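Please read the structure below before turning to the comments.
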Amino acid sequence: DGEFRLLFGRTPHHSHARTHNNRVLLELQDSTPIWIHPDDAKKLKLEDGQMVCLVSAKTGKKSHPEKLKVTKRIKAGSIFIHHGFGHQTKAWSKGFDRGTSENDFVSDEVDPISGAAAFHNGFVIVVKG
């Protein structure tokens, strides 16, 4: 109850994590909106644009506050964020600590069928930020 499967993927503006220190690309997108289905937002009494945090259901780690994006483009019961944000490399003058890193919330499990990393087995809780 109250847990959401964390999904993540690329944004059209950034191809890999290293582009998150590019001034021009950061003008297009400089953070990680947290996508949620309207039915889930309604249950949690959350609104589009509201600041929220993700909390790992496994470790309790909490993200920085981010804007919520209420959209039907995600399946109910899931949360989506863009890949590559939240870097802690202080040498990055523009991209340091911007957005939420999926690495803080993904599963460290192995998929039993393929033997690959089971990244989308991470679960989070959404709290008001």
Side-chain angles (χ1 to χ4, degrees):
D1 258 350
E3 292 183 6
F4 296 88
R5 181 178 299 272
L6 178 69
L7 305 174
F8 61 92
R10 305 246 185 246
T11 172
H13 315 306
H14 297 283
S15 56
H16 294 284
R18 68 179 171 265
T19 65
H20 294 80
N21 198 46
N22 181 304
R23 172 182 59 82
V24 175
L25 295 176
L26 285 171
E27 287 178 12
L28 297 172
Q29 181 178 356
D30 67 352
S31 66
T32 316
I34 296 172
W35 293 21
I36 190 170
H37 190 274
D39 294 344
D40 293 327
K42 186 176 180 180
K43 286 178 193 171
L44 297 175
K45 298 179 180 160
L46 298 173
E47 298 179 11
D48 190 60
Q50 185 173 359
M51 299 300 281
V52 298
C53 298
L54 299 180
V55 179
S56 169
K58 186 174 183 180
T59 67
K61 181 159 183 153
K62 188 175 181 179
S63 73
H64 296 299
E66 295 285 348
K67 281 188 181 177
L68 191 67
K69 179 178 177 72
V70 179
T71 177
K72 290 184 179 179
R73 293 183 179 194
I74 186 171
K75 183 179 177 180
S78 299
I79 294 293
F80 176 85
I81 61 173
H82 288 115
H83 162 74
F85 285 92
H87 283 278
Q88 298 300 307
T89 305
K90 290 184 180 180
W92 282 26
S93 59
K94 296 160 190 63
F96 175 72
D97 208 22
R98 286 182 181 257
T100 299
S101 173
E102 75 273 8
N103 293 323
D104 292 336
F105 303 98
V106 297
S107 166
D108 59 357
E109 299 169 7
V110 175
D111 178 68
I113 297 172
S114 68
F119 289 134
H120 296 293
N121 285 351
F123 290 86
V124 295
I125 299 163
V126 180
V127 297
K128 293 179 182 179

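What you are looking at is a predicted structure, and each value in this text was computed from that prediction instead of being measured.
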List the atom pairs, with distances to 0.1 Å, where a side-chain N or O of residues 35-46 and a protein N or O form a donor-acceptor pair under 3.5 Å, not counting sequence neighbours.
{"residue": "H37", "atom": "ND1", "partner": "D39", "partner atom": "N", "Å": "3.0"}
{"residue": "D40", "atom": "OD2", "partner": "G77", "partner atom": "N", "Å": "2.6"}

Under 3.5 Å, which donor-acceptor pairs do the side chains of residues 51-58 form with other protein atoms, sequence neighbours left out?
{"residue": "S56", "atom": "OG", "partner": "K58", "partner atom": "N", "Å": "3.2"}
{"residue": "S56", "atom": "OG", "partner": "T59", "partner atom": "N", "Å": "3.0"}
{"residue": "S56", "atom": "OG", "partner": "T59", "partner atom": "OG1", "Å": "3.1"}
{"residue": "K58", "atom": "NZ", "partner": "D108", "partner atom": "OD1", "Å": "3.1"}

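Between the CD1 atom in I34 and the CZ atom in F80 there is a gap of 12.0 Å [rounded to 0.5 Å].
Residue K69 comes nearest to P33 through the heavy atom pair CB-CB, 4.4 Å, listed as atom of the first residue, atom of the second, then distance. Heavy atoms only, all atoms of each residue included: E47 and L68 are closest at O-CD2, 3.7 Å.
Side-chain atoms of E66 and I81, non-hydrogen and from C-beta on, never get closer than 4.5 Å to each other. Here the side chains of F8 and V106 are in contact, with some heavy-atom distance below 4.5 Å. Under the 4.5 Å side-chain criterion, counting only non-hydrogen atoms from C-beta, R5 is in contact with N121.
Within 6.0 Å of the CD atom in E3, the count of heavy atoms belonging to other residues, nucleotides or ligands exceeds 12.
Of the possible donor and acceptor atoms, one in the side chain of D48 sits under 3.5 Å from a partner among the backbone N and O of V70.
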